[in-house]
Amino acid sequence: MYASQTVPVIEAGPCPVVQIKSDATDGYRAIQIGFGEKKEKLTNKPAQGHFKKAGVPSLKLLKEFRIDDVENYEVGSNVTVEIFSVGELIDVSGISKGKGFAGVMKRWGFKGGKATHGSENHRTAGSIGASADPSRVFKGLPMSGRMGGKRISVQSLEVVKVDAGKNLLVVKGSVPGPTNSILMIRKAARG
């Protein structure tokens with residue numbers, strides 16, 4: 001018997017509401033939420049004042065979400081995993097795994113050169129020039145370079161389970177980044 005598909009488990013909260021932005025004061029409607037407590041001595045003075053005004057502990061990360069119904073939130077209250085439901089589609093954004101400097105075969109899937117008959121061109125890119133005219137290399141040509149470590153969004157992942165007691169969210173599909181990385185989860189833009 002085959003094991004069922006593995007699913008990522010995401011710790012999603014609680015995220016305290018640190019600030020509410022409205023049309024009258026800021027010109028747009030949004031809430032600012034935080035995640036992950038940290039020691040107060042590692043927080044600079046302006047941020048300490050910002051957190052004390054909201055009545056929340058010092059937080060590692062602050063993120064702003066534009067929403068229309070800011071009246072449903074209060075400063076100091078928590079946004080928990082309960083805002084998601086089983087079967088709902090979500091978008092997950094994060095920083096992908098960094099793979100360092102990579103050649104064209106690993107980075108772009110080039111086939112490579114001949115393996116036999118004295119060829120010394122096994123894993124290189126080959127010729128990149130475009131003849132005497134235009135006498136230059138075109139912009140955007142796939143070449144070797146740093147791979148990974150970029151912001152990626154995976155769209156329309158299905159929520160499999162919501163554990164409100166432990167603030168866990170189980171989704172179907174892969175999420176960007178290594179284990180213990182920070183992700184941003186929101187309701188799906190499409191789907």
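A quick note: this is a predicted structure, and the numbers were derived from the prediction, not measured.
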Please name the pair of heavy atoms, one in Pro176 and one in Gly94, separated by the smallest distance, quoted to 0.1 Å. CG-N, 3.6 Å
Going by salt bridge (charged side-chain N to carboxylate O under 4.0 Å, His left out), name the residues that satisfy it together with Glu82, two or more places apart in sequence or in a different chain. none
Report the distance from atom OG of Ser77 to atom CD1 of Ile31, rounding to the nearest 0.5 Å. 8.0 Å
Tell me the side chain to side chain donor-acceptor pair (under 3.5 Å) pairs involving residues 58-70, sequence neighbours left out? Lys21-Glu64, Tyr28-Glu64, Thr43-Ser58, Asp69-Asn72
Would you say the side chain of Ile95 lies within less than 4.5 Å of the side chain of Ser181, judging by non-hydrogen atoms? no
Other ILVMFWY residues reachable from Leu59 by side-chain steps of under 4.5 Å: Val18, Phe51, Val56, Leu62
Please list, chain by chain and in numerical order, all residues satisfying side chain to side chain donor-acceptor pair (under 3.5 Å) with Ser96, sequence neighbours excluded. none
Any heavy-atom pair between the side chains of Met184 and Arg151 that's under 4.5 Å? yes
Connected to Met105, directly or through other members, by ILVMFWY side-chain contacts below 4.5 Å are Val104, Trp108, Phe110
Kindly compute the distance separating CD1 (Ile67) from CD1 (Ile20), expressed to the nearest 0.5 Å. 8.0 Å
In the single-linkage hydrophobic clustering (I, L, V, M, F, W, Y; side-chain heavy atoms under 4.5 Å), do Ile33 and Phe84 co-cluster? yes
Please list, chain by chain and in numerical order, all residues satisfying salt bridge (charged side-chain N to carboxylate O under 4.0 Å, His left out) with Glu71, sequence neighbours excluded. Arg29
Any side-chain heavy atom of Glu158 sitting closer than 4.5 Å to one from Val171? no
Heavy-atom pair of closest approach, residues Thr80 and Pro14: CG2-CB, 4.4 Å
Linking I/L/V/M/F/W/Y whenever any side-chain heavy atoms sit under 4.5 Å apart, do Leu169 and Ile83 land together? yes
Quick one: does any side-chain atom of Ser119 pair with a main-chain N or O of Lys114 as donor and acceptor, under 3.5 Å? yes
Under the 4.5 Å side-chain heavy-atom rule for ILVMFWY, direct or indirect, which residues accompany Met143? Ile128, Val137, Leu141
Filter on salt bridge (Lys or Arg N to Asp or Glu O under 4.0 Å), then keep only pairs touching residues 118-142, sequence neighbours left out; what's left? none
Any side-chain heavy atom of His50 sitting closer than 4.5 Å to one from Gln19? yes
Does Gln48 reach the main-chain N or O of Glu40 with its side chain, forming a donor-acceptor pair under 3.5 Å? yes
Who passes side chain to side chain contact (heavy atoms under 4.5 Å, CB included) against Val170, sequence neighbours left out? Val7, Val9, Val160, Lys161
Is Leu89 linked to Ile185 within one hydrophobic cluster, defined over Ile, Leu, Val, Met, Phe, Trp and Tyr using a side-chain heavy-atom separation of less than 4.5 Å? no
So Val154 and Val175, do their side chains get closer than 4.5 Å, heavy atoms only? no
For the atom pair CD1 (Ile90) and OG (Ser156), what is the distance rounded to the nearest 0.5 Å? 10.0 Å
Hydrophobic clusters join Ile, Leu, Val, Met, Phe, Trp and Tyr when side-chain heavy atoms are under 4.5 Å apart, directly or via other members; which others share one with Phe138? none
Nearest 0.5 Å please: distance from the SG atom of Cys15 over to the CG atom of Asn78. 8.0 Å
Kindly indicate whether the side chain of Val79, heavy atoms from C-beta on, has any atom under 4.5 Å from the side chain of Val17. yes
How would you list, by chain and number, every residue that makes a salt bridge (charged side-chain N to carboxylate O under 4.0 Å, His left out) with Glu88, sequence neighbours excluded? Lys187
Nearest 0.5 Å, please: how far is CG in Asp91 from CZ in Arg186? 6.5 Å
For Lys99, check salt bridge (charged side-chain N to carboxylate O under 4.0 Å, His left out) against everything at least two apart and list the hits. none
Interatomic distance, CD1@Ile10 vs CG@Leu168, rounded to 0.5 Å, equals 10.0 Å
Tell me, do Asp163 and Val81 make a side-chain contact under 4.5 Å, heavy atoms counted? no
